[in-house]
Amino acid sequence: MVDMSGLNQEQLEAVLTTNGPLLVLAGAGSGKTRVITFRLAKLINNGVSPKSVLCLTFTNKAATEMKERARALVGKSVRGTTISTFHALGARILRAHPEAVGLRPSFTITDGAEQVGTIRRILRTLRIDDRKFDPKRIMAQLSQAKNAGIDASAFRSMEGVLPHLVEASQEDEEYQLAAIEVYERYELALQSQNVVDFDDLLLLTLRLLHGSDEVRNRLRDRWQYIMVDEYQDTNGAQLELLRQLTGPMKNLCVVGDDDQSIYGWRGADVRNILGFEKHFVGAKKIMLLTNYRSTGHILSVANAIIEHNPGRYEKRLRSAGHDGEPVHISSVEDEEVEAEEVARKILSLTESGVSPGDIAVLFRSNVQARPVELALRASHIPYRMVGGLNLFDRREVKDVIAYLRVLHNPDEDQALRRIVNWPPRGIGDTTIKRVDNWAREEQLGLLEALSRADEVDGLNPRSVAAALGLVSLFDEHRHRLNSQKSSTVVKKLLSAAGVESALLAGADDPAAAERRVENVRALVRQLERYEQRMKKKQKNEAMEVDVEPEEDLDLAPEIENASLEGFLADLALTGIEDARRKDERDDQVVLSTIHAAKGLEWLHVYLIGWEEELLPHRRTLLEHAELAEERRLAYVAVTRAKKYLTITWARRRQRFGQNVERQPSRFLENLPDESVIRLEDKVNPPKTESEEREIARDWLGKIRANLEAKRTTPKS
DNA sequence: GCTACAGATGTTTTT
DNA sequence: CATCTGTAGC
């Protein structure tokens, strides 16, 4: 039996409501994850087969965490439960039925960055200037369409109703026609390479379920209970997927917080959570409003910020604890002073015994990190940037992954293009252009065309030989995959291609070269670790007596096997284990964007750059829907703090090399007086030393006066 | 095939 | 201002 005595009334009700559609509105810090895991445990205790439960999350991290917590609660019977991200689930379903959606079994998942390149190439073949129509913008638009569940043919038939093109100018219309054309060609390009992008993992799964009653019904029968975490971040395609999977049973429980929906720009649709009761008729709604994280003052600031938003479930978080310290709001001269102030305060905290790991500095955009980094470094305060540059984004890592992809999937032209002449092997631009044209005429893949380079007109013998050499390099090593471990083959391939020596030779700075080589080795090591993990897993499964016979018609194994294919899928879906992550320690101050901080919490939080045009960001000030999202972002930021919260804004800031006068963020207006201490000057202070000192004294006076006022008139 | 320079661009990024 | 990208020219 699971001990539920630790749950509060609301939480308990959510856990015990196991049948029918259920919406759990879980405010920040209200024990959301607990509810989900306890509810899973409760289901299994009620005798529901673990196999008929499906838990969906958005991130791998959340999925892993849920698995661990569930295991701790109900033991290894969770094994049968499918706990997965939406995308990984899509991948598994597609793996089981690739042909039904026009894929060949060995299809691979692109990692995003390549997609823009594909768009750019398509634009070129359409003779459209990619400076006129930004490929990135088109890619984003296609992605939005896919996230809404709109495929290329639907996109074409919707011509003219694209949301942001309502008042279409001549150029908009041109753009739109181009986008339609590009979408269709993009899909064809992916299909011919046997590749899917992330969005396809949802869209193609939908197509499969729409097209096959048989598969859909089997999956419906299989999952009698479905739970979804972070529901406010789901998109149109995911809603449709849930509809398909639930069917008439509709034991669907979604958990989320509309006020924390901050990924609209990436396709998330708040209307999913706002309209849940309409989408799933008869739904019950439970609100978790007791916050176990933050003090009363912090929560009243948070509530005041979010209250202004239209179109939300009305709710006020209440603190389970004390009022605590008021929130400090101050203005500073410019971003450098801002950073120095923050560093100074952090230093005095750590000197008085606070662990750096209990402190975070959060900002709207990454450029704001630099001055803070400099100031922290100057003060010898240990810090860590979350997010930021990913190992994935490193050029050499992408190049090596391209090698792996071509090795596994010879049709992947886009990957091949990346490395066809890297390291340099005498296949220059002209050669590629000629082969490319010929390939198009003959309807061949690029690698295949290279293998017949001798048939291409106008190539000199040297180029032909180089092309054939490259082809046989891949053929040979692909052949070896049958008899040798992938990691062994990969190592041989990379060294035969001369990757490491090219990295070392083509270096301006030896240290950088060394780092690049190290990044490549890290990737290979990850492949080795992957193989070991799979081997162990297979052994474990073979030893388990009660392992069910392989009857999964519609769901491929979570991860394939110790193959290159499995590794690539794993890589695409769960990313690279960053080598830096192992030096991630919990005694470092965290620097993070607000987005990347969602779900996390710290004792002390500093929110910097609360200015108009930064938060809310300049580019969102035009559309009202987006302004609401900025406000939610501010809300998410504030609710990260447990005990102490400081918000700053700069009266002046460098922007694109110019000093710009700034105004405080509108989100700082109308906050409850009793919960904040304001140390703001609306104008920049004069610069002389004596004047500065005077101002400092003045501020000190204000602090005292403020504190005094708070003490004599306690919160009514 | 590589270097150097001009020109554009400058929000967030779970998969 | 600073960083990245594409291209011209060697």
Side-chain angles (χ1 to χ4, degrees), chain A residues 56-65 84-91 109-113 115-117 120 124 130-131 134-137 139-140 143 146-147 196-203 229-230 232-235 237-238 260-268 335 362-371 386-390 392-393 395 421-431 502 505-506 508 569-575 592-600 609 613-621 626 629-630 632-634 636-637 653-660:
Chain A
L56 290 169
T57 63
F58 231 85
T59 66
N60 295 298
K61 205 175 138 207
T64 316
E65 199 182 306
S84 164
T85 64
F86 274 97
H87 289 85
L89 182 78
I109 303 165
T110 65
D111 53 47
Q115 300 172 45
V116 180
R120 186 170 286 127
R124 260 176 221 162
D130 60 14
R131 263 163 306 197
D134 179 12
K136 265 186 275 171
R137 196 179 142 205
M139 187 65 244
S143 180
K146 288 185 173 196
N147 281 329
V196 296
D197 64 22
F198 275 116
D199 305 320
D200 286 337
L201 292 175
L202 305 174
L203 201 59
D229 191 14
E230 303 281 17
Q232 76 281 354
D233 291 334
T234 53
N235 57 40
Q238 285 158 332
Q260 294 188 70
S261 167
I262 56 174
Y263 283 103
W265 51 274
R266 244 198 105 275
E335 74 270 28
L362 308 182
F363 34 80
R364 170 69 230 253
S365 75
N366 280 310
V367 276
Q368 293 173 260
R370 194 178 313 169
V386 298
L389 25 125
N390 192 323
F392 234 133
D393 302 330
R395 198 171 151 185
N421 200 31
W422 184 84
R425 51 171 70 91
I427 308 178
D429 289 346
T430 7
T431 309
D508 22 342
D570 196 49
L571 206 58
L573 288 171
T574 69
S592 170
T593 63
I594 300 169
H595 282 93
K598 197 180 86 174
L600 306 177
E613 307 213 324
L614 197 49
L615 183 75
H617 196 272
R618 198 155 189 264
R619 287 173 64 158
T620 66
L621 285 170
E626 293 188 8
E629 184 155 311
E630 293 291 292
R632 294 195 290 265
L633 200 53
V636 167
R653 184 177 292 272
Q654 293 267 10
R655 241 195 71 199
F656 308 149
Q658 288 202 314
N659 265 324
V660 187

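Lettering of chains follows the sequences in order, A, B, ..., and the numbering in each one begins at 1.
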Query raised in the report: Taking only N and O in the side chain of A:T593, is any of them less than 4.0 Å away from OP1 or OP2 of B:dT13?
Result: yes

Taking only N/O atoms, report every protein-nucleotides 3-5 of chain C pair under 3.5 Å with atom names and distance.
none

Query raised in the report: Looking at residues at least two apart in the chain, or sitting in another chain, which of them share a side chain to side chain donor-acceptor pair (under 3.5 Å) with A:D233?
Result: A:K598

Query - First of A:R619 and A:T59 reached from the 5' end of DNA chain B, by closest nucleotide - result: A:R619

Query raised in the report: Think A:N366 has a side-chain N or O under 4.0 angstrom from the OP1 or OP2 of B:dT13?
Result: yes

Query raised in the report: Is there a donor and acceptor pair, one atom on the side chain of A:R266 and one on the base of B:dT12, closer than 3.5 Å?
Result: no

Report task. Please confirm whether the backbone N or O of A:H617 pairs with a side-chain atom of A:E630, one donor and one acceptor, at under 3.5 Å? Result -> yes

Query - Nucleotide B:dT15, atom P - distance to CG of A:L56 in whole Å - result: 14 Å

Report task. For A:D199, report the nucleic acid contact type (base, sugar-phosphate, nothing); a contact means any heavy atom under 4.0 Å. Result -> nothing

Report task. Report yes if the ring of A:W265 lies under 5.5 Å from the six-membered base ring of B:dT12 with planes under 30°, and no otherwise. Result -> yes

Requested in this report: Can you sort out the partners of A:S365 under side-chain contact (heavy atoms from CB on, under 4.5 Å), two or more places apart, ordered by chain and number?
Outcome: A:V367, A:Q368, A:L614

Could you go through nucleotides 1-4 of chain B and list every protein N or O atom that sits under 3.5 Å from one of its N or O atoms, giving the distance for each pair?
residue, atom, partner, partner atom, Å
B:dG1, OP1, A:N421, ND2, 2.8
B:dG1, OP2, A:N421, ND2, 2.9

Query raised in the report: For A:Y263, which contact category applies under a 4.0 Å heavy-atom criterion: base, sugar-phosphate, or nothing?
Result: base

Query raised in the report: Given the P atoms of B:dT12 and C:dT5, what is the spacing between them in whole Å?
Result: 15 Å

**Report entry** Test of ring centre spacing under 6.0 Å for A:H595 and A:W265
**Finding:** yes

Query - salt bridge (charged side-chain N to carboxylate O under 4.0 Å, His left out) partners for A:D200, two or more places apart - result: A:K146

Report summary line: note: A:Q232, atom CD; B:dT14, atom C1'; distance rounded to Å ~ 11 Å

Query - Qualifying residues under salt bridge (charged side-chain N to carboxylate O under 4.0 Å, His left out), relative to A:R618, sequence neighbours excluded - result: A:E613

Report summary line: From the list A:R655, A:R370, A:Q654, side chain to side chain contact (heavy atoms under 4.5 Å, CB included) partner of A:E335 resolves to A:Q654

**Report entry** Whole-Å gap separating C1' (B:dT15) and CG (A:L573)
**Finding:** 8 Å

**Report entry** Counterpart residues, side-chain contact (heavy atoms from CB on, under 4.5 Å), relative to A:A268 (two or more places apart)
**Finding:** A:Y263

Query raised in the report: What is the distance from CG of A:N235 to C1' of B:dT14, rounded to the nearest Å?
Result: 12 Å

Query - A:M139 CE to B:dT13 C1', straight-line distance once rounded to whole Å - result: 14 Å

Query raised in the report: What integer distance in Å separates A:Q238:CD from B:dT15:C1'?
Result: 9 Å

Query raised in the report: Sequence neighbours excluded, which residues qualify as side-chain contact (heavy atoms from CB on, under 4.5 Å) partners of A:A572?
Result: A:I109

Query raised in the report: Sequence neighbours excluded, which residues qualify as salt bridge (charged side-chain N to carboxylate O under 4.0 Å, His left out) partners of A:R653?
Result: A:E338, A:E611

Report summary line: A:H87 NE2 to B:dT14 C1', in whole Å, measures 9 Å

Query raised in the report: What is the distance from CD of A:Q658 to P of C:dC1, rounded to the nearest Å?
Result: 9 Å

